[in-house]
Every structure is written in C-alpha cells, then in structure tokens.
Amino acid sequence: MKILRLMLLIYALSMVSAKAQNQQEINNEFIQLYKENADLSYISPKGEIGAPAKYVINGRLTTSYFLLATEKLPVAFAVVPDFTVRVRDEKSAGVRTPSFKLGGALFVRLDRSVPNYKYATLKFTHHSNGQDGEALNPDGSINTITGNFTTNYLTLSYHFGKDLNKEKKHGYYSLNHEAGFEWHKWFSYEKALKNDYGFSRLLYSFSFRNYQPAKEQWRLNTEMSYAINPMTEYAFSAIKKRLNAELSFHYSFPFMNNSYLMGAAGYYGEDPYNIYYRDKYSYLRFGISSGILRGKK
C-alpha cells in the first residue's frame with residue numbers, strides 16, 4: 001500500500017511539473033507573438049507620394065522594450081517608442097516638426113493556443129512634435145512651422161489569429177486581426193484640436209502572412225481607423241475627414257534577415273503626422289520595412 005501511495009504521489013508531482021512546463025512554453029510563445037505583431041519600422045525615399053508637401057525621405061523607427069516578459073506569467077509589459085520624421089524637399093532639407101510617440105503597452109494572454117491565439121492590449125501613448133509656438137496663426141490656419149502639437153491617449157485592443165495549413169512541410173499561412181478603440185479626452189491635449197480632431201477612433205487591422213521553412217517570407221497588411229467623436233465642421237458621415245486607411249505589402253528575399261521591401265497605398269482623412277492633422281490626401285509609399293520576423297525554430 002505504501003508503495004502504491006508513493007507511486008501515486010510521484011505521478012501527481014510529475015503531472016503538476018509537466019503542466020507548469022507546458023504553461024511556461026505557452027507564455028514564451030505568446031511573448032514572441034507580441035513582438036511579431038508589433039508595428040513595422042520603415043525607410044521611404046520620397047515619403048508619401050501624393051502628400052501636399054514634397055519630401056526627400058521619410059522614416060519611422062519603432063520597437064518594444066519588454067520590461068516584463070517572463071515565462072511564469074500570462075501578462076507582459078513593454079515601453080514603446082515610436083518616432084517618425086519627414087525630411088522636406090527644401091534647400092535646408094529640414095525635418096521641421098518630428099513626430100514623437102512614447103508610451104507603454106500591457107499584454108494579457110486570453111488563451112492557451114498559439115495557432116489560434118487571443119490576447120488583449122492596453123496602451124498609453126504621449127504624442128507631440130517638439131514645438132512650443134501657437135498652434136493657430138492669426139487668420140485661423142494651422143501653424144505647421146512652429147505650432148505646438150500634443151495629445152495623450154489610451155488604446156484598448158483585442159488581438160486574434162489563426163495559422164492555416166501549418167502541418168505542411170513547405171510553408172504555411174497565418175491570419176492576424178486587431179480590433180480596438182482609441183480614446184484621447186481623459187488626458188491633456190493642445191486646445192486648438194478641440195472639435196477639430198479625431199479624439200475617439202475605432203481601429204481595425206489585418207495581416208495575412210506566408211511562412212516558409214526557413215523564415216517568414218511576406219506580409220499583406222491592411223489597417224483602418226474612423227473618428228467617431230463630434231466635430232464642428234464634419235458630420236459623422238464625413239468619410240473624407242474621418243477615415244484613415246492603408247494597404248501595404250512587405251516581401252523578404254531569402255538573403256534578407258529582419259527586413260522587407262515595402263509598397264503601400266493609402267488615404268489620410270487626418271494626417272497622423274502631428275500638427276499636419278488637417279491634411280487630407282491619398283498616397284503611395286515605397287521603401288524598406290523592418291520588424292520581428294519569424295525564423296526557423
């Protein structure tokens with residue numbers, strides 16, 4: 001009888017150990033997933049072709065510094081810097097108003113399955129342009145040279161995705177979704193933006209990806225947002241002001257590591273580049289993008 005009890009105890013302890021080890025593996029895989037689903041950085045000669053201003057080159061640099069990312073917890077936290085600059089096609093080739101974003105993101109795993117993942121994020125972001133002049137000129141137009149721009153906001157998102165044909169040896173695909181809501185009005189902001197800016201936005205993004213045995217080969221991304229808060233001069237149905245949308249394709253050749261060739265087409269009803277928010281235009285963008293790509297395990 002004592003031997004039987006000892007065997008049952010050993011079996012129970014082994015089951016608990018196996019479950020804990022499996023839980024840790026799942027948490028590690030989700031941490032990698034958070035990194036893969038982060039926004040991409042890019043370098044784009046000529047920038048947004050079709051914008052009201054001409055540019056020499058545009059660039060976006062963003063990453064995630066994971067301060068909390070342990071296999072023992074189903075949650076993670078990262079500091080997220082996101083800096084965009086547009087070098088103007090002028091004699092001085094000046095940047096004029098860089099777009100600085102800095103914040104933090106909390107990740108919460110909602111499921112155990114990575115091939116059919118679900119997780120939520122809560123982000124806080126500060127967005128400013130490094131200028132301190134009056135945002136409005138005396139005639140009511142926007143001061144895009146030295147005008148102050150600042151806003152702070154929360155973004156709550158639900159992420160879910162699915163791997164397709166993963167049992168195949170010669171590559172597979174994945175579908176990746178994000179649906180969210182962006183909210184500014186709880187925090188300080190440049191008063192000139194009141195009734196003229198998308199403070200509350202519905203968000204949706206989708207990414208269709210191809211994985212080969214050695215690495216992730218390409219991504220087809222689409223993202224859109226729609227401002228739903230009241231604006232003095234724009235009704236809720238004013239799509240030309242309220243809608244932002246982009247479709248992009250990113251291809252990584254076999255000799256590349258964490259980078260793609262990029263092509264994008266989109267529309268800004270509200271240019272997200274800080275004080276230029278009144279600009280509305282369609283655009284094309286070409287260049288190189290970079291992020292965390294899934295490689296051979």
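Model, not experiment: these values are computed from the prediction. Side-chain atoms are counted along with the backbone in the values below, which use heavy atoms only and exclude waters and symmetry mates.
A side chain to side chain donor-acceptor pair (under 3.5 Å) with S252 is found for one member of K215, Q217, Q212 and no other, namely K215.
With sequence neighbours excluded, the residues satisfying ring pair (Phe, Tyr, Trp, His ring centres under 6.0 Å) with H177 are F160, F206. Under the rule for a side-chain hydrogen bond (donor to acceptor under 3.5 Å, both in side chains), the partners of R219 that lie at least two apart in sequence or sit in another chain are E216, Y260. Considering only residues two or more places apart in sequence or on other chains, D111 meets the salt bridge (Lys or Arg N to Asp or Glu O under 4.0 Å) condition with K118. In this structure, the ring pair (Phe, Tyr, Trp, His ring centres under 6.0 Å) partners of Y117, at least two apart in sequence or on a different chain, are Y119. Residues meeting the salt bridge (Lys or Arg N to Asp or Glu O under 4.0 Å) test with E90, sequence neighbours left out: R88, R96. Scored by the ring pair (Phe, Tyr, Trp, His ring centres under 6.0 Å) test, F199 finds H184, Y189, Y197 as partners (sequence neighbours excluded). Legend: residues meeting salt bridge (Lys or Arg N to Asp or Glu O under 4.0 Å) with D279, ordered by chain and number and at least two apart, are absent. For F255, the ring pair (Phe, Tyr, Trp, His ring centres under 6.0 Å) test picks out F253, with sequence neighbours left out. A search for salt bridge (Lys or Arg N to Asp or Glu O under 4.0 Å) contacts involving K241 returns E270, not counting sequence neighbours.
Listed by first and then second residue, the ring pair (Phe, Tyr, Trp, His ring centres under 6.0 Å) pairs that reach into residues 223-247 are Y226-F236, sequence neighbours excluded. Applying the ring pair (Phe, Tyr, Trp, His ring centres under 6.0 Å) rule to pairs touching residues 62-104 yields F66-F107, F83-F100, sequence neighbours excluded.
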Exercise for review: Please assess N195 against M231 for the test side-chain contact (heavy atoms from CB on, under 4.5 Å), listing each intermediate value before the final yes or no.
Suggested key: CA-CA 4 Å; N195 301 321; M231 298 185 196; 5.7 Å; no

Check your understanding: Do E25 and N22 pass the side-chain contact (heavy atoms from CB on, under 4.5 Å) test, and can you show the C-alpha distance, the side-chain angles, and the key distance before you say yes or no?
Key -> CA-CA 5 Å; E25 291 175 355; N22 184 48; 4.1 Å; yes

Identify each donor-acceptor pair in which a side-chain atom of residues 281-289 lies under 3.5 Å from a protein atom, sequence neighbours left out, and give them as a table.
{"residue": "Y281", "atom": "OH", "partner": "D271", "partner atom": "OD2", "Å": "3.1"}
{"residue": "Y283", "atom": "OH", "partner": "E246", "partner atom": "OE1", "Å": "2.5"}
{"residue": "R285", "atom": "NE", "partner": "E48", "partner atom": "OE2", "Å": "2.8"}
{"residue": "R285", "atom": "NH1", "partner": "E246", "partner atom": "OE1", "Å": "3.1"}
{"residue": "R285", "atom": "NH1", "partner": "E246", "partner atom": "OE2", "Å": "3.4"}
{"residue": "R285", "atom": "NH2", "partner": "E48", "partner atom": "OE2", "Å": "2.9"}
{"residue": "R285", "atom": "NH2", "partner": "E246", "partner atom": "OE1", "Å": "3.1"}
{"residue": "R285", "atom": "NH2", "partner": "Y268", "partner atom": "OH", "Å": "3.4"}
{"residue": "S289", "atom": "OG", "partner": "H250", "partner atom": "ND1", "Å": "2.8"}

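Closest non-hydrogen pair, I43 versus M262, comes out as O-CE, 4.4 Å.
N210 places no side-chain N or O within 3.5 Å of a backbone atom of Y173 that could act as its donor or acceptor partner. A donor-acceptor pair is defined here as one N or O able to donate and one able to accept, closer than 3.5 Å; no such pair exists between the side chain of N258 and the backbone of I292.
Donor-acceptor pairing under 3.5 Å is recorded for the side chains of N221 and S207.
The six-membered or imidazole ring of F187 lies away from that of H126, with a centre-to-centre distance of 6.0 Å or more.
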